[in-house]
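Note sheet for the following structure.
Naming: A, B, ... by sequence-line order, numbering from 1 per chain.
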Amino acid sequence: MTDHSTPDPAALPNGPNHDGRRSFIKQATGFLGLALAPPLISQAERLTAISKKVEGVTEMRLKVNGAVRTIQAEPRVTLLDALRERLDLTGSKKGCDHGQCGACTVLVDGRRVNSCLTLAVMAQGKEITTVEGLANGEELHPLQQAFIDHDGFQCGYCTPGQIMSGVACLKEGHAKTDGDIREWMSGNLCRCGAYPNIVAAIRQVEKSGFKS
Amino acid sequence: MDTEPKFFETNPTAGVVGKPLNRVDGRDKVMGRAKYSAEFNNLPGLVHAVLKTSDVAKGRITGFDTTAALKQPGVLAIITHQNIPKLAKTPNDAEDKRAIGVHMGYLPLTDDQIYYAGQPVAVVVADTLERAQYAAALLKVQVAVEKPLASYEDPKARLFDPTKLQEGKTAPHVVRGSAQAAFAAAPIQLTHKYTHAINHHNPMEPGATTAHWEAPDRLTVYESTQGVTRTQKALSTMLGLSAEQVRVVTKFLGGGFGCKGSCWPHTVLTVQAAKFVGRPVKLALTRPQMFTSMGHREDQTQTLRLGATNDGKLTALIHEKTSTTSPWDNYAESNSKIVNMLYECPNFEASYQLARANVMTSTYTRAPGEAPGSFALESSMDDLAYQLGIDPIEIRLRNYAEKDPSSGQPWSSKSLKQCYARGAELFGWSKRNPKAGVTRNGRLLVGWGMATASYPVHNSQGMARARLYADGHAVVQSGATDLGTGTYTVMTQVAAEALGLPVEKVRFELGDTKLPTAPNSGGSVAAGTVSSSVYMAVQDLWQKLIKVAVLDKKSPLHRAKTADVEVKDGRLQLKDNPKKGEDFATLMKRADMADVEGNGQGRYGSGYEDAQTAANANPAKKDEAPHHSMHAFGAHFCEVQVDPDLGTVRVTRWVSVHGAGRILNAKTARSQIIGGSIFGIGAALMEATVRDQKLARYTNASLADYHIPVNADIPDMTVEFVEEHDPYINAMGVKGIGEISMVGVTAAVANAVFHATGKRVRELPITPDKILGTKAV
Ligand code: FES
Ligand code: FES
């Protein structure tokens, strides 16, 4: 079908230059977008973005759940796809890839973000926490346990996002009332309809006085 | 309003079955370890496929420009109808379709035709997802565009009267008594039209397939499906392989709600792509593609004519449904079934009309037929209550069906009266002001509504295997799937209780065609069938051990008659002298048996296989079972608050009470009822996929534009079950609750909206524009 030789994915990182110019143009749109929204990013981030030209497949270092991991990826790769496809951290889910469902929620420097709307290249040098990094070995985070106790899920697909969002929600002080929890957890869709149980789980951890 | 859930157990004195156990797969889910179908990343040389779909709804492909796409690094293949290898069979042929067992009678990439917007026209495979996506964007498709038909509402659409619906599974015409004459003679006559928007299931996990050809004639597919066996059959038949050459695995499923009940085109195309490139291929549908890849609930109008006496007794029900179907299939949800059976009414008539349009085939969507059908019936019943000044519950009691009006058969069990009474009590229904539009909370209008729920017990059967080890642990297997409904958990409970083991000592495995065959998880059959299969498999294993014991000279049961031996909590003993016996471990160790295995075939709906071993059954009544009508029943109660200026509706209180046979786990069952109610609240208040009437394309195919309920839309909910022992349905006495949880929900909301505002909305969803259309009070 194609004349292209088929690169073995394992060989890709150090493979021949894969047409860097086109990749740069693609990524440039992304950077431009960021430049237009300065309040959203730190000065340092902007400088990195503008000063360092990233082309084609490059090495990226991501600090995920406390460990620095290295991947080879193009700048257009989202943090979500980097986690799921490159690092085999499939706990973070893809429900929409457009920031509409929250299934991909992870913590970046302690803040909840939609990893499908975050470029992996921009997450370098930051602390990324995914659902896989929440428990202490086999000892669950209190909110994970509360989700189990209150049946805060059915299929479990939205659950990692709900839990990461819930952890942040508690930390932000947005879990003081049921109304607050409902409001501040509304960015995480659950089609199985576990909402009342999710509220109960977060309420339990809030009431327990747990400090993250 | 503190509402820590109280779990209602239907069988509180029994063992672990029914207990509100935490999910056995809970840890895997909260730790991110549960692997869904797009997450098997460690297959050797795994690459990514992306679908290129059609922007137009009708036309003919005249060519492709692949130049730019193929220049992209990492691109492995662009597969189109021009180069895709031929399949042994395709569903394009009606007879082959039946053999394959898929829902839709057309497979894309089999010719140059475009029949619907979003139809796949090419599959692009590349080494990374980003490269596949970008190459797909660069691929140019040349199309000779034609004008499409968008729906039955299109003036050019041709309505026709189907001779068969759902391939004969539903009768398109039903006549009982003489409904027309009875309606004409009725002192009360109500004629109303109800429309239902297109709904999409939108499970949070998009459809995904990972296909791995382990050898030229051996395929493993990790698939997001509600039925591994059905998918295996479909793929093997299309590929010209025998069933056992295709293995389908679904360990975790991110919801389904009906859309993962069939094998859809993207799955077949992924399998073909994997063959084409000679490597494992993964394809995950995008969210917009989810609107045009796995079916939907069809756009439909129902006309319901209701005739009644002055004291509110139904004399006639006439139901007509008009809906859109695809160019190939005659599919419509069977709305009339529930209209035919819910209330005592001597005269009934139903008919269906379809129009073909340029859309894919609609499909089973949670409570297919019962959900929209009950919207029409339960809204009209509410009208009748108001018109006659009778309480909505009372009007339903006046028409209470003591046997199934549609068949004349007695019910296998029915606890609807208890559901009404308990629901009313929990909700505080007696405090309701009978007048509509007069209850206020500040400036908000408050309304209370209720509706009846019912869902049939479908015929189904499946198998299970149980292996008990002498050291006191067990592995129990059935090729069922767990949509999130709790199959893993409830089957572990059923097995543990039957084996007399703690749940921690039992592992239940599912979701693999290598395991004993189980039916699709759909139509609320999984809990009943699989639990009965598991129960029977354990009984089979006990029978084998009993035979060993009575032949074993050293056993206290030596020479006993097998029929005189029973097993209680893992101990084999004489029925009339329980002291005489021994536990299985002692027996197995002495007999040098490492393990013992049993097989079971559980049935659902048509009676149990072996009354001797049925936990819930009266053996003397076995032969009567098929002569019963089997349904679960329930009632939903809803409070809404309506903003009279903005027209917004909020559900502020909710009570559901169901009688659904034995409840296997009070906690997961409660969650399922809550989930179904929320699904229905979505359909009632916000869910609508809008198909452009000129272009036949969806205008809101995303989760930002297709609104499903979010956390802030949903109040705390109260759920209870009525204790109910059904001696006929299956070995475990389980009716299933996946669908009934949604039936009647839209009507309960609409009835509450009427009570709040005095405005009857018969067009779903009830969006603010429809409320504001008239003066509220
Ligand atoms: S996948 Fe990121 S918000 Fe939906
Ligand atoms: S648990 Fe299934 S989507 Fe939330």
Could you have a look at [options] and say which one has the most heavy-atom pairs with chain B under 4.5 angstrom?
options: Thr130(A), Leu140(A), Leu143(A), Ile181(A); value: Leu140(A)
options: Pro160(A), Cys192(A), Ala135(A); value: Cys192(A)
options: Asp151(A), Val131(A), Thr78(A); value: Asp151(A)

Search all heavy atoms of [X] against all heavy atoms of [Y] and return the closest pair with its distance.
X: Gly32(B); Y: Glu132(A); result: O-OE2, 4.1 Å
X: Ala712(B); Y: Ser186(A); result: N-OG, 2.9 Å
X: Leu703(B); Y: Gly95(A); result: CD1-O, 4.3 Å
X: Asn41(B); Y: Arg84(A); result: ND2-O, 2.7 Å
X: Glu39(B); Y: Asp88(A); result: O-OD1, 4.5 Å
X: Pro715(B); Y: Pro196(A); result: O-CG, 3.8 Å

Per-residue contact mode, [X] against chain A (heavy atom under 4.5 angstrom):
X: Arg27(B); value: both
X: Ser702(B); value: both
X: Tyr706(B); value: side chain
X: Ala704(B); value: both
X: Ile674(B); value: both
X: Pro203(B); value: backbone
X: Asn42(B); value: side chain
X: His48(B); value: side chain

Got a donor-acceptor contact below 3.5 angstrom from the [X] side chain to the [Y] backbone?
X: Lys29(B); Y: Ile148(A); result: no
X: Arg182(A); Y: Ile714(B); result: yes
X: Tyr195(A); Y: Ile678(B); result: no

Less than 4.5 Å apart, side chain to side chain, heavy atoms only: is that true for [X] and [Y]?
X: Lys94(A); Y: Arg287(B); value: no
X: Asp716(B); Y: Asp178(A); value: yes
X: Asn711(B); Y: Asn188(A); value: no
X: Arg191(A); Y: Glu205(B); value: no

Identify, with sequence neighbours excluded, every residue that meets ring pair (Phe, Tyr, Trp, His ring centres under 6.0 Å) alongside Tyr36(B).
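Checked Tyr36(B) against ring pair (Phe, Tyr, Trp, His ring centres under 6.0 Å); matches are Tyr157(A), Phe252(B).
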Pairwise distance [atom1]([X]) to [atom2]([Y]) - rounded to 0.5 angstrom:
X: Gln100(A); Y: Asp705(B); atom1: CD; atom2: CG; result: 7.0 Å
X: Met204(B); Y: Cys96(A); atom1: CE; atom2: SG; result: 7.0 Å
X: Leu483(B); Y: Cys155(A); atom1: CG; atom2: SG; result: 8.5 Å

For [X], which atoms come within 4.5 Å of any heavy atom of chain B: side chain, backbone, both, or neither?
X: Leu189(A); value: both
X: Ile198(A); value: side chain
X: Gln204(A); value: neither

After noting the C-alpha distance and the side-chain angles of Glu138(A) and Arg33(B), does the key distance pass the salt bridge (Lys or Arg N to Asp or Glu O under 4.0 Å) rule?
CA-CA 12 Å; Glu138(A) 283 302 300; Arg33(B) 295 197 294 218; 3.1 Å; yes
Selection from Gly255(B), Pro206(B), Gly486(B), Ala284(B) maximising heavy-atom pairs under 4.5 Å formed with chain A:
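Looking at each option in turn, the highest pair count goes to Pro206(B).
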Does His98(A) have more than 12 heavy atoms from other residues, nucleotides or ligands lying within 6.0 Å of its NE2?
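No, the 6.0 Å shell around NE2 holds no more than 12 heavy atoms from other groups.
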Looking at Gln133(B), I'd like to know if its CD atom is crowded, meaning that more than 12 non-hydrogen atoms belonging to other residues, nucleotides or ligands lie closer than 6.0 Å.
yes
Any luck finding a side-chain donor-acceptor pair between Asn197(A) and Ser671(B) under 3.5 Å?
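Side chains of Asn197(A) and Ser671(B): pair found under 3.5 Å.
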For the pair Asp149(A) and Asn22(B), evaluate side chain to side chain contact (heavy atoms under 4.5 Å, CB included) and give the outcome as yes or no after the intermediate values.
CA-CA 6 Å; Asp149(A) 294 342; Asn22(B) 287 340; 3.3 Å; yes
Can Val30(B) and His141(A) be said to form a side chain to side chain contact (heavy atoms under 4.5 Å, CB included), step by step?
CA-CA 10 Å; Val30(B) 301; His141(A) 183 284; over 6 Å; no
